[in-house]
Number of protein chains: 2
Amino acid sequence: MKKNSKREQIVDVALKLFYKDGFNATGVEKIRETANVSKKTLYNHFKSKDELILAVLRRRDEQFRNNFMRTVERIGKTPQERLEAVFDACDEWFNSKDFCGCMFINAAAEFTEADNPCHVIAAEHLRLMNDYITGLAKDAGVENPEKLAEQISFLMEGATVQAHVSGDKDAAQKAKAMALVFINQSA
Amino acid sequence: MKKNSKREQIVDVALKLFYKDGFNATGVEKIRETANVSKKTLYNHFKSKDELILAVLRRRDEQFRNNFMRTVERIGKTPQERLEAVFDACDEWFNSKDFCGCMFINAAAEFTEADNPCHVIAAEHLRLMNDYITGLAKDAGVENPEKLAEQISFLMEGATVQAHVSGDKDAAQKAKAMALVFINQSA
DNA sequence: ATCGAGATATACCGATCGGTTTCTTTTGTC
DNA sequence: GACAAAAGAAACCGATCGGTATATCTCGAT
């Protein structure tokens, strides 16, 4: 068994449980038994539950953004198409079977104070997503890439909330239609 | 002491604690001692913590929408102005001292299943907010009030997330600028 | 003045929380 | 095959969880 496989196993399991049931509602014991490891092992890899939560959030950020970028680049071939494809990637996400909203919005909801490490990571995630979109906008050669990226980010986040809270499976396409106004007026 | 004053006292205290610290992270004992009531009294008014949470969410919905509508109608005098004033109301909200995001987005984050009673109330709240905006849009005599209201709702929710997670105090004004595009093109 | 409803404080319940300890077993490395 | 590191099982810790029970007290309506 590889060096980090236990650790990854724990993070994987914790990620699923935290995402579905929330951070505070998920006990360490539940994670331990689901991951099929001993408590010793778990606390061997993580000093505390808080540290595990942080590890999970970092993993999720990496995983999510990688998958998101791959999807955008699969769907859109030109820079302009990719700006629009952001919402098609959201569409796939919103309609995937285990969609439970944005894990970082959820994290910020449970850890409301701005200086909480989990909240900080959540803010960073949104910033990194925004940075990616800014890159796409620059590639598309729009007038004000930062501004357009921010507008697209607002729409993405609104759509994510709508998809999760209200179960609107068409939220991504509605947001896309709105985004087109800004994309076209910037082009 | 009035008939319902104890009950209201408990709901008020629980509302503040749940909003700041989250639902699962706030224990009944903490609520009890903060509200200065006995446990007997608390469970005399609410069968369980879950029932208290539901009571809190209903109270918040009523309180929030009332305050929101009053603010919109204070700031905007004409129907068109009121559509825009929605974002000025958000601005005040985002910059109020105890802003911790939207309590219903937070609730949906902790109770992710769509059929959870708390999640249902959260969805209803967003729908009622949307209904209010639809009314404003109808008053303004726009072409497609339902569509415009939905667009404004998306922008509000995106701004709320941005304001809370990323601490963007200007989120409401950014969303307002975006909304103007849709409002003007609908007028 | 009395009586009952509702409030109080307090102790208690079993379960679970996050986390530690002890001791044994497995495992990869030299 | 020896040895240390890692993992295992399980008991245990004090604290807190949501919720109940008991016994006293306060107070308004009759």
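Chain A is the first sequence line, chain B the second, and so forth, proteins listed ahead of strands; every chain is numbered from 1.
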What one should report as the nearest heavy-atom pair of B/A107 and B/L57 is CB-CD2, 4.2 Å
Between CZ of A/R32 and P of D/dA7 the distance, given in whole Å, is 15 Å
Worksheet item: Does D/dG8 have OP1 or OP2 sitting under 4.0 Å from an N or O in the side chain of A/K6?
Response: yes
A/Q9 CD to D/dA6 C1', in whole Å, measures 14 Å
Ignoring backbone atoms, test whether A/T41 places a side-chain nitrogen or oxygen under 4.0 Å from the OP1 or OP2 oxygen of D/dG8.
yes
Residue set satisfying side-chain contact (heavy atoms from CB on, under 4.5 Å) with B/A14, at least two apart, ordered chain then number -> B/F18, B/I31, B/L52, B/V56
From CG of A/L42 across to C1' of C/dC17 the rounded distance in Å is 14 Å
Give the table of side-chain donor-acceptor pairs shorter than 3.5 Å for residues 79-86 of chain A, with sequence neighbours excluded, one pair per line with atom names and distance.
| unit_1 | atom_1 | unit_2 | atom_2 | d |
| --- | --- | --- | --- | --- |
| A/Q80 | NE2 | A/E84 | OE2 | 3.3 |
| A/E81 | OE1 | A/K77 | N | 2.8 |
| A/E81 | OE1 | A/T78 | N | 3.3 |
| A/R82 | NE | A/G76 | O | 2.7 |

Pair up each side-chain donor or acceptor in residues 176-187 of chain A with any protein partner under 3.5 Å, not counting sequence neighbours, and list the distances.
| unit_1 | atom_1 | unit_2 | atom_2 | d |
| --- | --- | --- | --- | --- |
| A/K176 | NZ | A/D88 | OD1 | 3.2 |
| A/K176 | NZ | A/D88 | OD2 | 3.1 |
| A/N184 | ND2 | A/L180 | O | 3.1 |
| A/S186 | OG | A/F182 | O | 2.8 |

With sequence neighbours left out, the residues meeting salt bridge (charged side-chain N to carboxylate O under 4.0 Å, His left out) with B/E33 are none
Between CD of B/E33 and P of D/dT16 the distance, given in whole Å, is 10 Å
Between CG of A/N44 and P of D/dA5 the distance, given in whole Å, is 12 Å
Side-chain donor-acceptor pairs of residues 117-131 of chain A under 3.5 Å, sequence neighbours excluded:
| unit_1 | atom_1 | unit_2 | atom_2 | d |
| --- | --- | --- | --- | --- |
| A/H119 | ND1 | A/F111 | O | 2.7 |
| A/H119 | ND1 | A/T112 | O | 3.3 |
| A/H119 | ND1 | A/E113 | O | 3.4 |
| A/H119 | NE2 | B/H164 | O | 3.2 |
| A/H119 | NE2 | B/V165 | O | 3.2 |
| A/H125 | ND1 | A/D61 | OD1 | 2.7 |
| A/N130 | OD1 | A/S153 | OG | 2.8 |

5' to 3', nucleotides 18-25 of chain C under a 4.0 Å protein heavy-atom cut-off (B base, S sugar-phosphate only, - none) gives BBBBBB--
| said: With a 4.0 Å limit, can you tell me whether A/H45 has a side-chain N or O closer than that to the phosphate oxygens OP1/OP2 of D/dA7? | reply: yes
